Each structure stands twice: as C-alpha cells, then as structure tokens.
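Predicted model only: the values in this text are computed from it and were never measured. Whatever order the structure lists them in is the order used to number ligands and atoms, beginning at 1.
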Amino acid sequence: MAITRRSFLKGTAGAGVASLVGPSLLVSASAKAAETDGVWKVSGSHWGAFRARVWAGKVQEIKPLEVDKYPTDMLNGIKGIIYSPSRVRYPMVRLDWLKKHKYAAETRGNNRFVRVTWDEALDLFYRELERVQKDYGPYALHAGQTGWRQTGQMHSCNNHMQRAIGMHGYSVKKVGDYSTGAGQTILPYVLGSTEVYAQGTSWELILENSDNIILWANDPVKNLQVGWTCETHESFEYLEQLKQKVADKEINVISVDPVKNKTQRYLENDHIYVNPQSDVAFMLGLAHTLYTEDLYDKKFIDTYCLGFEDFVNYVTGKTKDKVEKTPEWAADICGVSADKIREFARMLVNGRTQLLFGWCIQRQEHGEQPYWMGAVLAAMIGQIGLPGGGVSYGHHYSGIGVPSTGFAKPGSFPLNLDQGQTPKYTNQDFKGYSRVIPVARWVDSLLEPGKVINANGAKVTLPDIKMMVFSGNNPWHHHQDRNRMKKAFRHLHTVVAIDFAWTATCRHADIVLPACTQFERNDIDGYGAYSGRGLLAMHKLVDPLFQSKTDFEIMTELTRRWGRSEDYTRGMTEMEWVKSLYDDCRAANKGKFDMPEFDEFWEQGLLDFGKGKPWTRHAAFREDPEINALGTPSGFIEITSRTIGKMGYKHCQEHPMWFEKTERSHGGPGSEKHPYWLQSCHPDKRLHSQMCESEEFRATYAVQGREPIYINPTDAKSKGIKDGDLVRVFNDRGQLLAGAVVTDSYAPGVVRIEEGAWYGPLNEKIGAIDTYGDPNTLTMDIGSSELAQATSANTCLVDFEKFVGEAPPVTAFGGPIEVS
Ligand SMILES: Nc1nc2c(c(=O)[nH]1)N[C@H]1C(S)=C(S)[C@@H](COP(=O)(O)OP(=O)(O)OC[C@H]3O[C@@H](n4cnc5c(=O)[nH]c(N)nc54)[C@H](O)[C@@H]3O)O[C@H]1N2
Ligand SMILES: Nc1nc2c(c(=O)[nH]1)N[C@H]1C(S)=C(S)[C@@H](COP(=O)(O)OP(=O)(O)OC[C@H]3O[C@@H](n4cnc5c(=O)[nH]c(N)nc54)[C@H](O)[C@@H]3O)O[C@H]1N2
Ligand SMILES: [Mo]
C-alpha cells in the first residue's frame with residue numbers, strides 16, 4: 001500500500017496537472033467524502049500543498065493539491081511525522097536536573113527523563129525565567145535562536161515564544177541566519193541590499209534572453225522542493241522549459257560545482273569541476289583574463305561601479321602580496337586548467353550571461369569573498385540590470401524568479417508586544433554584554449563569556465548565558481561541532497525545548513514541552529513565497545496527539561503565570577486569529593483584488609491571485625544610477641569598499657581576495673591528515689532535520705539504518721568499501737557511522753553527508769560515536785570572518801574507513817529513556 005502510493009506520487013512529479021485526481025476546488029473541502037471513507041481536507045506544508053483524507057480520527061492518505069503541478073515525493077513523509085515513534089508525547093523533565101534541584105550539567109544528553117504534568121512543567125519553566133531575571137538579568141537568557149518552524153502564519157511558533165518570553169523580560173537576541181549569514185552581510189556593502197532574499201529577474205526573461213546560464217554552486221532542482229511558505233512548486237515549470245532549451249542548444253547552461261548535482265543530472269547540462277572552496281581563485285583567474293584580454297565592459301565599470309583600479313592592482317600583482325592572479329596561478333588552486341579558465345572567461349562575454357549563485361559557498365570560511373567576487377565578475381561582464389544578464393543569489397530558493405502579483409499576504413501572529421505593553425521585568429541592564437550576537441556565535445558565548453569579538457564593524461561582548469529556550473529550531477542539528485557543543489552546554493543551568501519531535505535538542509534539554517504538529521491545528525498561509533500567488537486554508541486534520549498542545553496554548557498557559565495571558569492572546573481564540581489575519585489581508589487588497597468573505601475562503605480552501613508580471617532585477621539602477629542609486633555608501637556597485645577597508649579585518653579587506661582556508665582538500669591545509677572534503681549540503685528528502693523522524697520514508701534512503709555518505713568509486717575502492725557498507729567517518733572533532741552510497745556524481749576527494757541527519761550519540765560522553773550520521777559531529781565551528789561571523793559548516797576535512805565489528809544500535813530516534 002505504502003509503496004503503491006509512493007510510486008503514484010513519483011509518477012506524477014512533472015507529469016502535469018491533468019494526471020492528478022482530486023475533488024473539485026469548488027466542492028466543500030471539509031464536507032464531502034471522496035473515493036474511500038473519510039473526508040478530504042486542504043492543508044499545506046514546506047513540502048507542498050495537499051489534500052488529506054481523514055478517517056476514524058487518523059490521516060489515511062495525502063495527495064498533492066491540484067495547483068501543485070510538480071509535487072515532491074516528500075509528501076509521502078508527512079504521515080510519518082504525525083505518527084512518528086519519536087513524537088514528544090508528554091511534558092518531560094530531565095531526571096538529574098530535577099532530582100538534584102541543581103543543574104547536573106555533566107549528564108546532560110544522557111536522555112533520561114521523567115514525565116510530569118503540564119502544570120508542573122510550566123511552573124518549572126516560569127520558576128527558571130524568574131530566577132534568571134532576578135539573580136542575573138536579561139543577558140543570562142537567550143531565547144532568540146530561530147529556524148524552520150512549520151508553515152502557517154497564526155501558529156508561527158517562534159513568534160509565540162518570543163512574544164511570550166518578551167512579556168516576562170528582555171533577553172539576548174541574534175542577528176543573521178545560518179542560511180546566508182556571510183552573503184547577507186557582505187552584499188549590502190557591494191550591491192546595496194542583502195540580495196539573497198530579494199526577488200530576482202523573472203524566469204520568463206531569463207529563458208527568453210540568456211545565452212549562457214551559470215549555475216554556480218547551485219542545485220535548484222533539489223532545493224526548490226521545499227519553500228518557506230506552503231509550497232506549490234511554480235519554479236519547476238521554468239526548469240522544465242530550461243531543460244528543453246538545453247536539449248535544443250538554445251541556452252548554454254554550465255554548473256560550477258565539485259559534484260554533479262541533481263539539477264545537472266536533470267538538465268543534462270555541462271559541468272565545470274572546481275575544487276571545493278576554491279571558487280574565488282577561479283574567479284580571480286577569470287577576472288585576470290577579462291582584464292588582460294580587454295574583454296570587460298569599461299563603460300559599465302565607469303558608469304556604475306567604484307574602486308575597479310584597486311581591484312585590478314590586486315589581480316595584476318601590484319598590491320603588497322605581489323602575486324599576479326593569472327589563470328595558471330588559479331589553476332593550481334581550483335583544479336581547472338589555465339586554458340579552460342581563459343575559455344570560460346571568453347564565453348562569459350559571448351552573448352547574454354546570467355550568473356545564478358547558490359548559498360552553499362558562502363557557508364564556508366571567508367564565505368563573504370565568493371559573493372563579493374561574483375558581483376565584481378558580473379560588473380566586468382557589464383550586464384547587471386539587463387533581462388537574462390547580471391547576477392542573482394537566490395533563484396534556488398522558495399520560488400525567487402517567479403513574477404510577483406504584488407497582492408498582500410496574510411500577516412502573522414505578532415512577535416513583539418503590543419504598543420504600550422511592558423514586560424514584567426523591565427530591567428534592560430545587560431551589564432556590558434551585547435544584547436544581540438551573530439546567530440552562529442552563541443556556542444562561543446557559552447564557552448567564553450565576556451570575550452570581545454569583531455562583527456560587521458562593531459565589537460560584540462559575548463554574554464554570560466545561563467538559560468536557553470528553543471522553539472521551532474533544532475540547534476543539535478543546525479549548529480556545528482557536536483563535541484564542542486557538549487562542552488558548552490555544561491555552562492548552562494537550564495535548557496527548555498518546545499517541539500513535537502524528540503530531537504537531539506530535546507535530548508540535551510532539561511524541560512521538554514510537547515507542541516503539536518501543524519496538522520493538528522487550524523491556520524492560514526500564503527502560497528508562492530515570492531510570487532504572492534494566493535492564500536491557503538490550513539485545515540486541522542486531527543486533534544493534537546497525546547498530551548501535545550499548540551504553541552499558542554502553551555504560551556497562553558505560561559504567560560498566565562504572571563498574569564499576562566490576556567495581553568498575549570488579545571483575548572482571541574485560534575480561529576478568531578486566523579479569521580482576523582484573513583480579514584486584515586482582505587482589507588489590504590481592497591480595491592485591487594476582491595477577496596471573498598472568510599467563511600467562503602475557508603470552505604474553498606484556497607484563493608488564487610493569478611500570475612504576476614515579469615520583472616528585471618537592477619533594471620531601474622541601470623536606467624538611472626543617480627535617481628535609483630543602490631543602497632551602498634556611494635550608491636554605486638562597490639568593487640572596493642572603503643567602509644570595509646576601514647574596519648581593518650584580516651579576512652575581509654577592501655576588495656574581494658583569495659584567502660587560504662584552515663582546512664581545504666586537494667592539497668590544501670590539513671589534507672595530509674584528513675584528505676576528504678565533507679560537504680553537508682541540504683537534504684534531497686528532508687527539510688533539514690524535519691522528516692528524518694518519518695520512519696517508512698527514512699527507510700527509502702537510509703543504508704543499514706544509517707544516513708548515507710556519498711563517495712566516489714575510486715575513493716571507495718581505495719578503502720575497500722562497497723556500496724551498502726557501514727563506514728566510520730572521523731576527524732579530530734568527532735566520529736560517526738554512515739552507510740556508503742558509491743556514485744561517480746562525486747569527484748575523488750569529495751564526500752557528502754546531508755545536513756539534518758539526527759544526532760544519535762552512543763552516550764553523553766564527549767567524543768562518543770554518533771550512531772546515525774549527523775555531519776555536524778565533524779564540522780568546524782568558526783566564524784566566516786570578522787565581518788559576518790557566519791557559520792563555516794562547509795570548511796571541513798575528514799577521513800573514513802570501512803566499519804568492522806558489531807555496529808552499535810542507532811540511538812537517534814524513538815524518544816527519551818523514560819524513568820519513573
Ligand atoms: N553542516 C551544516 N549545518 C547546517 C547547514 C548546512 O548546510 N550544513 N544549513 C544551515 C541552514 S541553512 C539552516 S536554515 C539551519 C536549519 O536549522 P533548523 O531550522 O533549526 O532546522 P529544522 O530541522 O528545520 O528544525 C526545526 C525544528 O522545529 C521543530 N518545529 C517545527 N514546527 C514547529 C512548531 O510549530 N512548533 C514547535 N514548537 N516546533 C516546531 C521541528 O520539529 C524541528 O525540530 O541548519 C543549518 N545547519
Ligand atoms: N530539499 C531541500 N531543499 C532545501 C532545503 C532542505 O533542507 N531540503 N533547505 C532550504 C534552505 S534553509 C536553504 S538555506 C537552501 C540551501 O541552499 P544552498 O546552500 O544553495 O544548497 P546546498 O544544497 O547546500 O548546496 C548547493 C550546491 O553547492 C555546491 N557547493 C558546495 N560547496 C561548493 C564550493 O565550494 N564550490 C562550488 N562551486 N560549489 C559548491 C554543492 O555541491 C551543491 O550542489 O536550500 C533550501 N532548500
Ligand atoms: Mo537555510
């Protein structure tokens with residue numbers, strides 16, 4: 001049964017709407033029974049919008065909504081999230097923390113928990129909030145980490161947590177995110193906006209005008225499967241057209257990547273293999289050719305850019321390093337021959353060229369540089385602001401490039417306090433510690449409170465955090481270097497985790513509160529995160545399982561403990577909130593789009609705004625750079641940035657540069673000891689750690705019950721490893737077990753373990769082997785540079801061997817060890 005359903009969905013992916021069966025949109029979604037027993041309800045998720053057949057209080061079947069013409073097979077994982085053996089069933093408290101009435105931090109992670117009532121759990125949570133505010137102050141509480149909470153605007157769990165905690169007192173917050181930390185920090189200095197989250201040139205115009213498309217570290221076919229709001233996969237229509245144009249030789253598409261990724265396998269386009277982490281050297285070689293062969297666009301540089309001369313001095317070896325960045329120099333580092341580099345440079349200026357960067361290359365040490373250098377390269381090509389030309393940093397994400405309708409979307413449950421409301425504790429004395437820290441530096445804070453670091457032109461004093469609250473994120477997946485985290489967590493008195501899945505974060509928490517899944521509550525969301533295509537009703541499919549509650553209910557009960565629950569809820573119920581978010585949206589669109597009454601919308605399940613109009617990024621700036629100046633200090637594209645230069649940082653100077661990495665494969669530092677580059681890219685069959693708990697679905701890709709490690713055949717052979725073998729992967733930071741998948745899509749010296757694999761340490765001891773295969777057991781926890789201080793997850797070398805002997809059982813799943 002499960003297999004049939006899976007192959008059914010697989011078959012429909014890409015097949016077009018006609019082949020999809022489902023009840024008519026005009027039929028009441030909640031009232032009519034379909035083919036089999038039960039009712040069909042509309043809802044949506046990061047993986048897709050869908051209809052679910054609910055019968056006997058259980059979700060029986062899920063199929064894509066008709067508007068989604070390119071559904072992903074991850075829809076098959078959803079039932080397994082709801083009915084996972086790893087669900088958090090009851091409020092739980094860590095045994096040693098409770099027993100000793102102090103923190104017993106050294107046994108944190110032993111996964112021994114006691115079941116308590118909701119009242120007991122929330123009383124303890126409140127007691128700890130009080131204690132931290134009274135004994136220390138706002139600097140000792142960090143409740144600002146964020147993540148990929150489920151879809152739905154009313155139940156945005158991060159907003160619920162922050163608003164509720166905010167009603168109690170102030171706390172430490174973060175700046176930036178793990179996705180684009182380096183990119184979003186550097187690009188405002190260069191192009192005047194973060195670029196990474198901006199709407200991009202419409203795919204229509206790219207398909208019409210581009211002669212060359214460079215997919216630089218970019219795998220849209222994999223990464224567009226999930227979206228920030230309820231996803232309907234609009235971009236795939238364009239990718240399908242692109243595939244045709246590649247076949248017809250109308251557009252020359254080249255992937256620059258150390259692996260043959262899913263997009264390349266789909267499009268069957270050309271590939272330039274580049275050594276990992278060496279893109280800046282490659283690009284400098286290209287710039288050298290464009291300059292010395294006089295191929296670059298001088299007029300564009302003169303009209304729209306600042307500081308080209310200083311950069312050219314660096315390229316031609318006239319700056320203090322005295323190294324000319326010739327193609328021969330670049331070839332040594334990047335592995336692309338000097339001739340190929342020259343050829344590639346000439347191709348870039350032969351016709352209209354669109355550079356499309358993915359985000360992975362800025363999630364590495366000096367991750368600011370490839371993005372800055374990408375902008376410089378685009379400036380030299382001279383097509384920024386033309387349809388099908390220039391540079392984009394987002395076409396692989398959440399439907400960027402699908403034209404925007406411009407209609408208002410529903411707002412969300414408020415993150416902040418309402419006007420005039422104040423917290424119970426108004427103390428804002430952070431005792432000299434910073435109240436905002438770079439998102440990925442919180443573990444540094446636990447290890448070295450009081451340390452002063454550079455960040456984006458400022459000094460940050462890492463706060464002395466005693467308590468952390470996590471909701472809608474999973475730091476024991478998302479952060480780097482598990483064993484370092486284990487040490488760091490000993491500094492914490494109290495950790496609260498609110499989740500529906502018993503993640504490694506719950507395992508390392510003291511108080512665990514069971515939230516329900518999005519499928520157990522009513523909500524509203526937009527679909528088409530960038531296109532603003534329409535609105536989706538997220539009907540509750542089943543009641544909250546076990547003792548779980550919505551985050552809204554949890555925080556209502558928490559804030560009641562200091563008399564603020566009415567402030568928090570504004571006296572409204574879940575459905576009153578959902579309706580009010582819809583009504584506000586309706587009012588905002590009044591006169592532009594006639595939205596029906598709420599009840600009608602709710603019954604129909606979705607509202608389609610239609611298609612938006614094609615648009616070209618940076619066209620206005622190109623048209624008139626004075627009137628439509630960029631948001632950079634000068635208003636121009638800053639090839640050289642005086643502002644950054646004045647910061648005096650070693651690894652982010654006044655223009656883009658090549659810096660050697662702390663660890664780099666293919667002959668770079670550390671490669672004698674640990675020769676293989678581990679890339680921890682985003683998973684093809686999950687959203688980070690979400691859905692890893694979905695058992696049947698996990699079984700479709702796991703190898704001997706472990707997370708796959710992808711290895712090139714030559715490397716596998718040299719280690720005596722066959723497809724399907726268990727492998728121990730290690731470096732000086734940690735070790736894990738994974739299952740070998742041997743494939744020539746990966747270059748020699750390159751291995752991949754996808755991020756989000758659940759951490760399952762054998763025990764709580766530092767150095768214990770991870771039994772399932774979380775790549776962050778091995779990654780390095782350093783800031784990208786003094787500028788962004790972003791994650792450097794993809795600067796990571798490892799070695800591996802065939803695992804012999806009796807393999808330990810996988811400890812990652814199935815919840816806590818319950819102690820009575
Ligand atoms: N090595 C390596 N590490 C990486 C990356 C990488 O490329 N390599 N990528 C990084 C990136 S880009 C990102 S964005 C991060 C992602 O990191 P996260 O956003 O932390 O990852 P998720 O697995 O999505 O975690 C979301 C958690 O929230 C829970 N949750 C979901 N909805 C709700 C809800 O409604 N209520 C409550 N209470 N809980 C909910 C889920 O069960 C899950 O445990 O990972 C980063 N880490
Ligand atoms: N299915 C799925 N889709 C997702 C997500 C998910 O979890 N699952 N997460 C979403 C989120 S939060 C984010 S942030 C984005 C992430 O989007 P990205 O960061 O762009 O995605 P990745 O898959 O990590 O990497 C993309 C490509 O970069 C290549 N690459 C890595 N290092 C290098 C390098 O040094 N040089 C070159 N030239 N190429 C390199 C990889 O081989 C890979 O093909 O994806 C989003 N989409
Ligand atoms: Mo991300």
Student: Heavy-atom contacts under 4.0 Å between H682 and ligand 1: side chain, backbone, both, or neither?
Tutor: side chain
Student: Does any N or O of ligand 2 fall below 3.5 Å from an N or O anywhere on N275, backbone included?
Tutor: no
Student: Could you work out, for atom 28 (O) of ligand 2, the closest of S179, A217, P276 by heavy-atom distance?
Tutor: A217
Student: Report yes if D279 has an N/O atom closer than 3.5 Å to an N/O atom of ligand 2; otherwise report no.
Tutor: yes
Student: Looking only at non-hydrogen atoms, which of C360, P258, S680, G147 approaches atom 40 (C) of ligand 2 most closely?
Tutor: P258
Student: Does S471 have a heavy atom less than 4.0 Å from any atom of ligand 1?
Tutor: yes
Student: Under 4.0 Å, counting heavy atoms only: does Q480 come that close to any atom of ligand 1?
Tutor: yes
Student: Just to be sure I'm reading this right: ignoring hydrogens, which of I272, L224, N223 gets closest to atom 18 (P) of ligand 2? Compare them by their nearest heavy atoms.
Tutor: N223
Student: Measure the distance from atom 43 (C) of ligand 2 to every protein heavy atom, then report the residue, atom name and distance (to 0.1 Å) of the closest one.
Tutor: D257 OD2, 3.6 Å
Student: Nearest to atom 34 (C) of ligand 2 by heavy atom, I361, V221, D219, V226: which?
Tutor: I361
Student: Short N/O distance, under 3.5 Å, between Q277 and ligand 2?
Tutor: yes
Student: Looking only at protein heavy atoms, which one is nearest to atom 19 (O) of ligand 1, and what is the separation?
Tutor: W148 N, 2.7 Å
Student: Would one find an N or O of V256, backbone or side chain, under 3.5 Å from an N or O of ligand 2?
Tutor: yes
Student: Identify which of H478, E754, Q145, Q150 has a heavy atom lying nearest to atom 4 (C) of ligand 1.
Tutor: H478
Student: Would W677 count as being in polar contact with ligand 2, using the rule that some N or O on each side must be under 3.5 angstrom apart?
Tutor: no
